[in-house]
*Asks:* 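Please see the structure below; I have some questions.
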Amino acid sequence: MNKKELVEKGYELAKAQYAALGVNTDEALKQLKEVQISLHCWQTDDVGGFERPDAELTGGGIQVTGNYPGKAKTIAQMRQDLDKVLELLPGRQRLNLHAIYGEFGGKLVDRDQIEVKHFQGWIDWAKKHGIGLDFNCTNFSHSRAEDGFTLSSKNEENRKFWIEHVKRCRLIAAEMGKQLGMPAVHNIWIPDGSKDIPVDRYTHRALLKDSLDQIFAVKYPKEHLKDAMESKLFGIGAEAMTVGSHDFYLSYAAKNNKMICLDNGHFHPTEQVGDKISSCLLFVDELLLHVTRPIRWDSDHVVILNDDIMLIAQEIVRCKALNRVNIGLDYFDASMNRIGAYVIGTRAMQQALLFALLEPIATLTKYENEGRSFERLALLEVMKAKPFGAIWEYFCLQQGTPVGEEYISDILQYEKDVLLKR
Ligand code: RNT
Ligand code: ZN
């Protein structure tokens with residue numbers, strides 16, 4: 001049997017096993033095919049951006065470690081890398097840009113000066129690929145963020161500057177959504193916080209609230225733009241307080257029906273983002289996720305198929321909220337092949353969703369409703385040993401993308417042909 005026949009045969013056997021539990025695998029794959037995962041552009045170049053030739057990540061309490069060869073140094077290189085990533089991924093993707101990734105033509109365009117024209121090249125690129133774009137204001141790696149405050153700054157000049165920046169970013173995002181015919185998500189994450197114990201938290205939070213009110217006073221059609229705000233517990237150098245905490249943004253989002261962005265690297269280690277999804281969905285229309293893998297001090301390791309990600313996927317599916325949860329990735333690892341990092345992480349998220357779509361949910365719910373906790377736990381465990389991998393491999397085959405381990409050699413070839421020559 002050749003590889004293709006093997007995968008097809010494996011699928012037929014697996015399909016029958018799932019069918020015996022009342023699960024329709026064809027239906028699961030049909031749904032998985034439509035889920036869009038937003039790829040964070042910043043894994044290509046370690047969150048550097050293209051404002052200056054030597055642009056790099058500074059401040060903001062986020063860090064990239066590693067120096068693996070092949071980092072994208074120009075927009076052309078970045079697009080080449082992203083083309084490769086898209087080629088290796090089944091299902092649908094989007095691209096998530098930060099404001100520092102514009103085409104500034106070698107001139108220094110400050111953050112309060114950026115315009116749609118700096119991103120038109122990306123819009124055209126996305127159109128060519130038939131994918132959507134998402135956008136983020138960049139409130140770090142800048143001299144006006146050096147004291148640790150942006151939208152919540154007591155320095156009015158700085159605060160005005162950042163308000164103007166975010167307003168422009170929303171305008172750019174809305175234009176992306178308009179031109180591409182799919183709404184763009186604009187996400188606000190600010191690094192504002194303090195290293196040591198502050199005595200005036202209230203004013204900073206009041207200032208942040210006021211800044212957001214000013215920013216959101218400009219309205220855009222929801223077919224073009226969806227707004228999100230991302231909370232955080234702490235960052236390096238901002239250990240004692242983060243102005244944009246979960247309580248702050250959740251309250252703001254619920255009151256103003258904005259999206260809350262849940263980054264699963266931004267909570268206490270035993271808190272589960274999967275548990276938060278159902279709560280948030282009862283009070284806001286949609287959510288944004290930043291899927292990542294926190295380890296100790298770092299919130300941004302490459303996503304793998306672990307319990308956190310599985311629960312997130314299960315909760316999205318169990319809440320029947322695939323159309324209300326916007327899924328984006330957010331990690332940056334410079335210690336390994338960066339294209340490989342994207343492919344591992346995106347495929348892990350898709351696998352988690354597939355696993356969730358293959359749950360015998362009717363039976364599990366019946367057990368739960370009848371108080372049969374042994375049967376519920378037993379069936380959840382049994383599902384882990386079902387031939388899920390056979391369904392996944394068939395999906396990759398169906399989608400014309402590398403099956404199983406095939407993508408490893410593909411990426412090594414790209415490394416040899418392209419990355420090591422940079
Ligand atoms: C930082 C946030 C934020 C950033 C990106 C680059 O802790 O997670 O989402 O990672 O905006
Ligand atoms: Zn994030």
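Read the numbers this way: they start at 1 and go in the same order the structure lists the ligands and their atoms. Count residues from 1 along the sequence. What you see below is based on every heavy atom in this structure, not just the backbone, and it leaves out hydrogens, waters and symmetry mates.
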*Asks:* Indicate yes or no for a side-chain donor-acceptor contact from Asp263 to the backbone of Gly265 under 3.5 Å, with no hydrogens or angles considered.
*Replies:* yes
*Asks:* Does NZ in Lys178 sit with more than 12 non-hydrogen atoms of other residues, nucleotides or ligands closer than 6.0 Å?
*Replies:* no
*Asks:* Any protein N or O within less than 3.5 Å of an N or O in ligand 1? List each pair with its distance, or say none.
*Replies:*
residue: ligand 1; atom: 7 (O); partner: Lys232; partner atom: NZ; Å: 2.7
residue: ligand 1; atom: 7 (O); partner: His266; partner atom: NE2; Å: 3.0
residue: ligand 1; atom: 8 (O); partner: Glu230; partner atom: OE2; Å: 2.9
residue: ligand 1; atom: 8 (O); partner: Asp263; partner atom: OD2; Å: 3.0
residue: ligand 1; atom: 8 (O); partner: His266; partner atom: NE2; Å: 3.0
residue: ligand 1; atom: 8 (O); partner: Asp330; partner atom: OD2; Å: 2.8
residue: ligand 1; atom: 9 (O); partner: Glu230; partner atom: OE1; Å: 2.7
residue: ligand 1; atom: 9 (O); partner: Glu230; partner atom: OE2; Å: 3.1
residue: ligand 1; atom: 9 (O); partner: His290; partner atom: ND1; Å: 3.2
residue: ligand 1; atom: 9 (O); partner: Asp330; partner atom: OD2; Å: 3.0
residue: ligand 1; atom: 10 (O); partner: Asp330; partner atom: OD1; Å: 3.1
residue: ligand 1; atom: 10 (O); partner: Asp330; partner atom: OD2; Å: 2.8
residue: ligand 1; atom: 11 (O); partner: His98; partner atom: NE2; Å: 2.7

*Asks:* Looking at Tyr252, I'd like to know if the NZ or CZ of Lys209 sits under 6.0 Å from its six-membered ring centre while staying within 45 degrees of the ring's axis.
*Replies:*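 Negative - Lys209 is either too far from the ring of Tyr252 or too far off its axis.
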*Asks:* Is the gap between the ring centers of His98 and Phe135 under 6.0 Å?
*Replies:* no
*Asks:* Pull up every protein N/O/S atom sitting under 2.8 Å from the Zn ion (ligand 2), skipping waters.
*Replies:* Glu230 OE2, Asp263 OD2, His290 ND1, Asp330 OD2
*Asks:* Walk me through whether Arg144 and Glu157 qualify under salt bridge (charged side-chain N to carboxylate O under 4.0 Å, His left out).
*Replies:* CA-CA 9 Å; Arg144 284 192 190 268; Glu157 209 187 297; 3.4 Å; yes
*Asks:* Counting only heavy atoms not in Lys222, do more than 12 fall under 6.0 Å of its NZ?
*Replies:*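 Atom NZ in Lys222 is not packed in, count stays at 12 or less.
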*Asks:* Cation-pi between Arg376 and Tyr367: NZ/CZ under 6.0 Å from ring centre and within 45° of the ring axis?
*Replies:*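 Cation-pi check for Arg376 and Tyr367: fails.
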*Asks:* On a heavy-atom basis, which atom in Tyr68 and which in Arg338 lie closest, and how many Å separate them?
*Replies:* O-NH1, 2.8 Å
*Asks:* Using 30° and 60° as the class limits, which term best fits the ring planes of Tyr331 and Tyr342: parallel, tilted or perpendicular?
*Replies:* tilted
